[in-house]
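In what follows, a single structure is set out as structure tokens and then discussed.
What you are looking at is a predicted structure, and each value in this text was computed from that prediction instead of being measured.
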2 protein chains.
Amino acid sequence: MKAAVPITVSGLKASCSQCNLVELCLPFGMSEHDLNRLDELVGARRKIKRQQSLYRAGDPFEAIYAIRAGSFKTDVLLEDGRDQVTGFQMTGEILGLDGISAETHSCNAIALEDSEVCVIPYGKLEEMSREVEGLQHQFHKVMSREIVRDHGVMMLLGSMRAEERLAAFLLNMSQRFTARGFSPAEFHLRMTRDEIGSYLGLKLETVSRAFSRFQEDGLVSVQQKHIRILNAGGLKRLLQHQSGGR
Amino acid sequence: MKAAVPITVSGLKASCSQCNLVELCLPFGMSEHDLNRLDELVGARRKIKRQQSLYRAGDPFEAIYAIRAGSFKTDVLLEDGRDQVTGFQMTGEILGLDGISAETHSCNAIALEDSEVCVIPYGKLEEMSREVEGLQHQFHKVMSREIVRDHGVMMLLGSMRAEERLAAFLLNMSQRFTARGFSPAEFHLRMTRDEIGSYLGLKLETVSRAFSRFQEDGLVSVQQKHIRILNAGGLKRLLQHQSGGR
DNA sequence: TTTTGTGGTTGACGTGGATCAACGGTGTCC
DNA sequence: GGACACCGTTGATCCACGTCAACCACAAAA
């Protein structure tokens, strides 16, 4: 939407060993000793304002990013103007893995709110993961997890109906908020109906109607972006009962 | 479909340095010196008969696989019986990357024809990629490429219409056959209409109708699984012209 | 040769979600 | 405070694709 973006690099050096996101982020499961080495790896932090991009499709690939605060969406766009949100990312998650293959980013990463990331220069990461076994293994796991996640989305897009897709989305968000110490039942979505729709392969009107339907059925209470899940079991059942999907 | 499968491990030691698939496979771009080290890495070959599985969801993850001959599909299945083909793989492509994250495979890999793979024990791969920089980098690229590919499929499933999806599929197949030294215009599909449909998020009847439509329009000639592309430009145009897709 | 099975094609019909359109709520910038 | 922009909701209508069903082609078995 906006043109190029003023980049803010805070002088603050990141520190994995001090960070309270270790359990969600790249360093997960690494020994204290290895963790200290990671502090060398992670470069400066960078702040990204709402609606601004961390990187855009076509940018040369130099680093991956760990989200320290805030949240992002990634999207791909076709030359004819159509676009598709490929994911929403929260704190501790890693952005930029798409860039390794062609040494150029293949999607846009845009902040959904004012956010901050840790910059992990990719060359350094490769170098250090030759020395630190735990880092190498974690990094592979992070990439593999992304592949598995994408398969899940393909499943959703290829074989679920509108309400099933939204139910799956809400349960997924709930689980991720829970992992971050927030309530499983009550949370604030940072993305618009249009963005949810793009991600789920639906039009925004369909998303809105599905929300209304869930509210009628007492499954959730919806007030704009504020969601309260009233009947998680009901949402799960929506997913399991083969409802004649496409 | 079938129950568990007799596994055939041929005594033949694989050899990357001798293999004519180097340019498509994991070793791509590696120096001759590094290539020789790869020969230590790759274990036995394994033959998989048509319709049999290389691994199934839930199997413990031990190795990744490079396809030496033949082709595969991967699919995920939901507890309610629905399933979704997440990809078709050809010679030189790598299978099993989904298993790293949870140390368990998350999808099924099934041979579309009698096939053969090179078994790459994952522990050894990690070990060796700590020593061989080129290997590490190539491996990361392979994983990243998989992520980018998945984003493309998400785009297709989320925002293209039936005929666009099939056109994209045919062009993709054509390109991959070309890369393997086959004709870009004429090839034999190894998968059924139902499998194509599952991959593209369509019913088999819709796939069949789209094929018929393409034939009427002189874009391709279709005889069962044998495809001849008569007008590649026409197929590409189908993709670009915003045809009011969903 | 007939039989059986699997995969593919085609037609008639139904429907879930897209499209088009109007309107209501909320936040932000003067 | 008022005006504007953006986002969300809801209704009416349409159409692409799913569903159901019949039939055909080819291959393997008998």
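Under the 4.0 Å criterion applied to side-chain N and carboxylate O atoms, Lys49(A) and Asp114(A) are assigned as salt-bridge partners.
The nearest whole Å value for the distance from the CD atom in Glu195(A) to the P atom in dC6(D) is 14 Å. Separating the CG atom of Leu200(B) from the C1' atom of dG18(D) is a distance of 15 Å, rounded to the nearest angstrom. Atoms CD (Glu113(A)) and C1' (dG27(C)) sit 17 Å apart, rounded to a whole Å. Look at NE2 on His226(A): it is 14 Å from P on dT26(C), rounded to the nearest Å. Protein atom CD of Glu163(B) is 12 Å distant from nucleotide atom P of dG18(D), rounded to whole Å. At whole-Å resolution of the value, CE in Met160(A) and P in dG16(C) are 17 Å apart. Note: CZ (Arg165(B)) to C1' (dG18(D)) measures 13 Å, nearest angstrom. Summarising the geometry, the separation between CG on Leu157(B) and P on dG17(C) is reported as 15 Å, rounded to the nearest angstrom.
To the nearest 0.5 angstrom, Leu202(B) atom CG is 11.5 Å from Asp194(B) atom CG. One distance of note links CG of Leu78(A) with CG of Asp83(A); it measures 9.0 Å at 0.5 Å rounding.
Looking at Asn108(A) and Ser53(A), their side chains never bring a donor and an acceptor atom within 3.5 Å of each other. No side-chain donor-acceptor contact under 3.5 Å links Arg68(B) and Thr91(B).
Between Phe61(A) and His105(A), the ring planes are perpendicular. Angles over 60° get that label, and only those under 30° would be called parallel. Using a 30° and 60° split on the angle between ring planes, Phe177(A) and Phe182(A) fall in the perpendicular class, above 60°.
Exactly one residue among Arg190(A), Gln51(A), His188(A) makes a side-chain hydrogen bond (donor to acceptor under 3.5 Å, both in side chains) with Glu113(A). That residue is Arg190(A).
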* Structure fact -> Heavy-atom contacts, protein to nucleotides 6-15 of chain C, under 4.0 Å, summarised as B (base), S (sugar-phosphate only) or - (none) per nt, yield -SSBBBB---
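Checked against side chain to side chain donor-acceptor pair (under 3.5 Å), Gln84(B) has no partners two or more places apart in sequence or in another chain.
From one end of the helix from dT1(C)-dA30(D) to dC30(C)-dG1(D) to the other, with five pairs defining each end axis, the axis direction shifts by 40° (rounded to 10°).
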